[in-house]
Amino acid sequence: MHPALFYFPGERLSLSELCAARLDGHLVEVGDAYMPADTVEGPSARATAVVGFIPEGTAAMGPTAAWIHGAGDGPPTTHHVQRAVPRRVRVPHLPRRRFHDIPLAADDGQLIGPVLVTTPVRTLCDLARLSPTHPSFTRWARALAALDPSLATAARVSLSDRGRVPGKRHGLALLSELGAAATTR
């Protein structure tokens, strides 16, 4: 999606002007941004809407990546990003952004619009294994797995092939549950 179709509060129009255009039916909200009402809200539009939360050298992960891939009705309240380069990066603190300093393998990321995002399989693996420490991740994992019935099985295989990672046992159990639920639909 072309960035000219997106309006961020304070750039070209003020927040009050954007809200008025939304009320008039000219714009719709996508995350923290606005876009023309007659454009399609797809992964590229969702990725463009969160570009301000994803600094250079990082990738959207967890619930942010799940939302970009199409899970959920609205964006997460806190955006999760992880390091996507081998060197350490300095990520300024934002109240609505959580940085995970874990390097992302090159084949676990994909470029969607202007943002590097973890692949659906990697996203589901991360959501499943990190759900004990982030309870909302279970809801995001269920929503992402519901988009594609084969995704939970692929994520389970991917996670079981990885070495020792925190939350692997819990993640595999949740992915098994999600895979079984997908086969009964």
Side-chain angles (χ1 to χ4, degrees), residues 1-127 130 134 136-137 139-141 143-144 147-148 151 155:
M1 168 150 298
H2 197 277
L5 293 175
F6 264 83
Y7 300 94
F8 293 93
E11 287 185 358
R12 290 180 281 174
L13 297 171
S14 68
L15 180 59
S16 58
E17 291 170 316
L18 292 170
C19 289
R22 182 181 52 86
L23 289 173
D24 290 341
H26 300 294
L27 299 176
V28 294
E29 282 181 89
V30 180
D32 292 338
Y34 296 82
M35 68 180 193
D38 60 349
T39 54
V40 178
E41 180 189 325
S44 180
R46 290 176 177 209
T48 304
V50 298
V51 73
F53 289 99
I54 317 297
E56 186 177 332
T58 66
M61 59 98 52
T64 305
W67 181 69
I68 291 171
H69 289 303
D73 295 331
T77 53
T78 302
H79 294 286
H80 291 258
V81 298
Q82 78 179 87
R83 182 165 44 109
V85 293
R87 61 176 167 64
R88 296 265 182 174
V89 292
R90 183 175 295 249
V91 176
H93 173 74
L94 289 178
R96 292 184 50 212
R97 176 176 61 206
R98 175 119 190 242
F99 175 63
H100 302 264
D101 195 7
I102 303 163
L104 179 68
D107 58 342
D108 282 339
Q110 66 185 86
L111 195 62
I112 299 178
V115 174
L116 185 63
V117 181
T118 56
T119 62
V121 169
R122 174 61 189 257
T123 301
L124 189 55
C125 287
D126 289 341
L127 289 169
L130 295 173
H134 302 282
S136 68
F137 281 21
R139 180 178 56 87
W140 285 102
L144 184 59
L147 295 176
D148 180 2
L151 191 57

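Numbering of residues begins at 1 and proceeds along the displayed sequence. In this text the structure is predicted, and so the values were computed from the model without any measurement.
- No side-chain heavy atom of Arg139 sits under 4.5 Å from any side-chain heavy atom of Pro63.
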Query raised in the report: side-chain contact (heavy atoms from CB on, under 4.5 Å) between Arg46 and Val117: does it pass, once the steps are laid out?
Result: CA-CA 11 Å; Arg46 290 176 177 209; Val117 181; over 6 Å; no
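- Residue Ala60 comes nearest to Ala65 through the heavy atom pair O-CB, 3.7 Å, listed as atom of the first residue, atom of the second, then distance.
- When every heavy atom of Gly72 is checked against every heavy atom of Trp140, the shortest pair comes out as CA-CZ3, 4.0 Å.
- Side chains of Pro9 and Asp32 form no contact here, defined as non-hydrogen atoms less than 4.5 Å apart.
- Atoms CG and OG1, on Leu124 and Thr118 in that order, are 10.0 Å from each other to the nearest 0.5 Å.
- For the side chain to side chain donor-acceptor pair (under 3.5 Å) with His80, the lone residue among His134, His100, Arg98 that qualifies is His100.
- Considering only heavy atoms from C-beta on, Pro55 stays 4.5 Å or farther from Arg90 through its side chain.
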Exercise for the section: Tell me, with the steps shown, if Thr123 and Trp67 meet side-chain contact (heavy atoms from CB on, under 4.5 Å). Expected result: CA-CA 10 Å; Thr123 301; Trp67 181 69; over 6 Å; no
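- Relative orientation of the Phe53 and His79 rings is tilted, given thresholds of 30° and 60° on the angle between their planes.
- In this structure, Ser44 and Gly113 approach most closely via the heavy-atom pair OG-CA, 3.9 Å.
- In this structure, Leu151 and His69 have side chains that are not in contact, with every pair of non-hydrogen atoms separated by 4.5 Å or more.
- With rounding to the nearest 0.5 angstrom, the CZ atom of Arg97 is 11.5 Å from the OG1 atom of Thr78.
- What you find for Ala37 and Gly25 is that their closest heavy atoms are CB-O, 3.4 Å.
- Side chain of Arg12 to main chain of Ala4: a donor-acceptor pair is present (N/O by atom type, distance under 3.5 Å, no hydrogens or angles).
- Proximity of a side-chain donor or acceptor of His26 to a complementary backbone N or O of Ala20 within less than 3.5 Å is not detected.
- Between Phe8 and Val51 there is a side-chain heavy-atom pair separated by less than 4.5 Å.
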Determine, step by step, whether Leu116 and Ile54 satisfy the side-chain contact (heavy atoms from CB on, under 4.5 Å) criterion, reporting the C-alpha distance in whole Å, the side-chain angles of both residues, the deciding distance to 0.1 Å, and the verdict. CA-CA 8 Å; Leu116 185 63; Ile54 317 297; 6.0 Å; no
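- Counting all heavy atoms, side chain and backbone alike, Leu147 lies closest to Gly70 at CD1-C, 3.6 Å.
- Between the CG atom of Leu23 and the CG atom of Leu18 there is a distance of 11.0 Å, given to the nearest 0.5 Å.
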Evaluate the side-chain contact (heavy atoms from CB on, under 4.5 Å) criterion for residues Arg122 and Leu104: first the C-alpha distance (whole Å), next the side-chain angles of each, then the deciding distance (0.1 Å), finally the verdict. CA-CA 10 Å; Arg122 174 61 189 257; Leu104 179 68; 3.8 Å; yes
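- Note: Tyr7 OH to Leu13 CG = 6.5 Å, rounded to the nearest 0.5 Å.
- Using a 4.5 Å cut-off on side-chain heavy atoms (C-beta onward), Phe99 and Leu94 make no contact.
- Distance check: Gln82 CD to Thr64 OG1 gives 11.0 Å after rounding to the nearest 0.5 Å.
- Among all heavy-atom pairs drawn from Val85 and Val89, the shortest one is CG2-CG1, 3.5 Å.
- Residues Arg83 and Val91 fail the side-chain proximity criterion, which asks for heavy atoms closer than 4.5 Å.
- Separation of atoms CG (Asp126) and CG (Asp108) is listed at 8.0 Å; rounding is to 0.5 Å.
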